[in-house]
Amino acid sequence: MKYHGYANAGCLLACATSLPDQHLEDILSSSVYMQLSCNNRFPLFADYKAWNDRYSQVQRFCLYKLSGWLSHEGFSTSLDKSLTPTEMVCAALSGALSAEEKCLLERLMQDFSQLNADSKASILFRQRAVESVSPVLEGEGMVNRVRVQVGVVDDKSTVKCVILNIATRQPVEACFLRQEFTLGEMVESIHAAYFVAQLDEDYADSKRAMVLRTLDGRETMEIERFV
């Protein structure tokens, strides 16, 4: 499948080039709307469960038909083991994607990782995907939280996407999708949720104007194509 890659606030999406332009715009703008709505209600990355619940609610409000939403929380006893966010994302979505979509997902993250750290797409994504929390008590270390969404969109406006949350004492690199995160440095379990959702054709008549009015042009600052 030929695709264009977008940094869409804190989400990376591989969108089929055969997806009609208006459907593409609707998916990208509604994704920004849903993320900002959740961020406004739950601004701290530590509230990831409430954030995810809110996201699924706003999805339904925006007339996405959900055919699956599954969560997984895991932590390995092999504390010296390291994983990259790319590996975590691919593992979380492995049961939901076709072989072609798996390759596409990996290529999307590879393409993004090859961008310069000072590129507009990299800066935009990092600003939305990484949160550093200063220690409350003396002696505590800095906690860096990462929340990324990565997904694919086919020409039927179906979105298959994972939301990954990690919290670590390690510094987060500028291009962190291929950074090795040691499990022993994690301060919480790794949490991944994935969903399969299709934008309803009634979105155009019922929700598009409201979403764009609410964003008030902000979507132009939150969406950057990089492939």
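Since we're looking at a predicted model, the values are computed, not measured. Position 1 is the first residue of the sequence, and the numbers go up from there. We use all heavy atoms of the structure for the numbers below, so side chains are in, but hydrogens, waters and symmetry mates are not.
With values rounded to the nearest 0.5 angstrom, D155 atom CG is found 4.0 Å from S18 atom OG. In this structure, CE in M34 is found 5.0 Å from OG in S31, a value given to the nearest 0.5 Å. The structure places CG of N165 at 10.5 Å from CD of E131, a figure rounded to the nearest 0.5 Å. Atom OG of S30 sits about 11.5 Å away from atom CD of E25, to the nearest 0.5 Å. Going from atom CG of D80 over to atom CG of L183 covers 8.5 Å, rounded to the nearest 0.5 Å. Distance CE/M1 to CZ/R107: 8.5 Å, rounded to 0.5 Å.
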Checking F45 against W51 for the side-chain contact (heavy atoms from CB on, under 4.5 Å) test, could you report, in this order, the C-alpha distance in whole Å, the side-chain angles of both residues, the deciding distance, and whether it holds? CA-CA 8 Å; F45 279 29; W51 194 96; over 6 Å; no
Criterion side-chain contact (heavy atoms from CB on, under 4.5 Å) on L177 and L12, from CA distance to verdict: CA-CA 11 Å; L177 287 182; L12 299 181; 3.6 Å; yes
Pair E87, R178 - check salt bridge (Lys or Arg N to Asp or Glu O under 4.0 Å), show working. CA-CA 8 Å; E87 292 171 329; R178 295 191 176 275; over 6 Å; no
Could you walk me through whether S132 and M142 pass the side-chain contact (heavy atoms from CB on, under 4.5 Å) check? CA-CA 7 Å; S132 297; M142 178 81 74; 4.1 Å; yes
Run L164 and Y194 through side-chain contact (heavy atoms from CB on, under 4.5 Å) and show every step you take. CA-CA 9 Å; L164 175 72; Y194 79 80; over 6 Å; no
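Both L36 and Y33 belong to a common hydrophobic cluster when Ile, Leu, Val, Met, Phe, Trp and Tyr are linked at side-chain heavy-atom distances under 4.5 angstrom. Cluster annotation: V227 and L115 are assigned to the same hydrophobic cluster (Ile/Leu/Val/Met/Phe/Trp/Tyr, side-chain heavy-atom contacts under 4.5 Å, transitive). Both L215 and L199 sit in one connected hydrophobic cluster of ILVMFWY residues. Membership requires side-chain heavy atoms under 4.5 Å apart, directly or through other members. Hydrophobic clustering of Ile, Leu, Val, Met, Phe, Trp and Tyr side chains at less than 4.5 Å, counting indirect connections, keeps V148 apart from I123.
Side-chain contact between E106 and C103 is absent, with no heavy-atom pair separated by less than 4.5 Å. Side-chain atoms of V153 and T158, non-hydrogen and from C-beta on, never get closer than 4.5 Å to each other. Here the side chains of L28 and L13 are in contact, with some heavy-atom distance below 4.5 Å. By the 4.5 Å heavy-atom criterion applied to side chains, Q110 and Q114 are counted as neighbours. Contact annotation: the side chain of V150 never approaches that of C161 to less than 4.5 Å [non-hydrogen atoms, C-beta and beyond]. Looking at V89 and L105, their side chains come closer than 4.5 Å, going by heavy atoms from C-beta outward. Residues S67 and Q198 form no side-chain contact, since every pair of their non-hydrogen atoms from C-beta on lies 4.5 Å or further apart. Within the 4.5 Å cutoff, side-chain heavy atoms of M186 are placed close to those of I190.
The two residues K160 and L93 make their nearest non-hydrogen contact at O-CD1, 4.3 Å. Annotation for A14 and L108: closest pair N-CD2, 3.8 Å, computed over non-hydrogen atoms. What you find for R128 and E222 is that their closest heavy atoms are NH2-OE2, 2.7 Å. When all heavy atoms of K120 and E224 are compared, the pair lying nearest together is CD-OE1, 3.3 Å. Nearest approach of Q35 to C11, heavy atoms of both residues: NE2-CB, 3.7 Å. Considering every non-hydrogen atom in both S122 and A117, the closest pair reads CB-O, 3.6 Å.
With E188 contributing its side chain and A46 its backbone, the two residues share no donor-acceptor pair below 3.5 Å. Remark: the backbone N or O of A7 is not paired with any side-chain donor or acceptor of R225 at under 3.5 angstrom. For S113 (side chain) and M109 (main-chain N/O), a donor-acceptor pair under 3.5 Å exists by modelled atom type. In this structure, S94 contributes its side chain and A91 its backbone to a donor-acceptor pair below 3.5 Å. Checked by atom type and distance alone, the side chain of N52 never pairs as donor or acceptor with a backbone atom of Y55 at under 3.5 Å. Judged by distance alone, the side chain of D154 and the main-chain N or O of K156 form a donor-acceptor pair under 3.5 Å. Side-chain atoms of Q179 come within 3.5 Å of backbone atoms of E173 as a donor-acceptor pair (strictly under, hydrogens ignored).
Taking a 6.0 Å sphere around CZ of R41, one finds it holds 12 or fewer heavy atoms contributed by other residues, nucleotides or ligands. Within a 6.0 Å sphere centred on CG of D118, heavy atoms belonging to other residues, nucleotides or ligands number more than 12. Residue E201 places its CD atom among 12 or fewer non-hydrogen atoms of other residues, nucleotides or ligands, all under 6.0 Å distant.
The six-membered or imidazole ring of Y48 lies away from that of F42, with a centre-to-centre distance of 6.0 Å or more.
Residues passing the side-chain hydrogen bond (donor to acceptor under 3.5 Å, both in side chains) test with D200 are K65, sequence neighbours excluded. For S82, the side-chain hydrogen bond (donor to acceptor under 3.5 Å, both in side chains) test picks out T182, with sequence neighbours left out.
Among residues at least two apart or in separate chains, side-chain hydrogen bond (donor to acceptor under 3.5 Å, both in side chains) pairs with a member in residues 202-220 are D26-R208. Among residues at least two apart or in separate chains, ring pair (Phe, Tyr, Trp, His ring centres under 6.0 Å) pairs with a member in residues 87-132 are F112-F125, F112-F226, F125-F176. Pairs engaging residues 3-30 under the ring pair (Phe, Tyr, Trp, His ring centres under 6.0 Å) rule: none recorded [sequence neighbours left out].
Using modelled atom types, one finds no donor on one side chain facing an acceptor on the other under 3.5 Å when comparing T168 with N144. Donor-acceptor pairing under 3.5 Å is recorded for the side chains of N39 and R147.
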All N/O donor-acceptor pairs, side-chain side in residues 56-63, below 3.5 Å, sequence neighbours left out:
{"residue": "S56", "atom": "OG", "partner": "D53", "partner atom": "O", "Å": "2.8"}
{"residue": "R60", "atom": "NH1", "partner": "S56", "partner atom": "O", "Å": "3.3"}

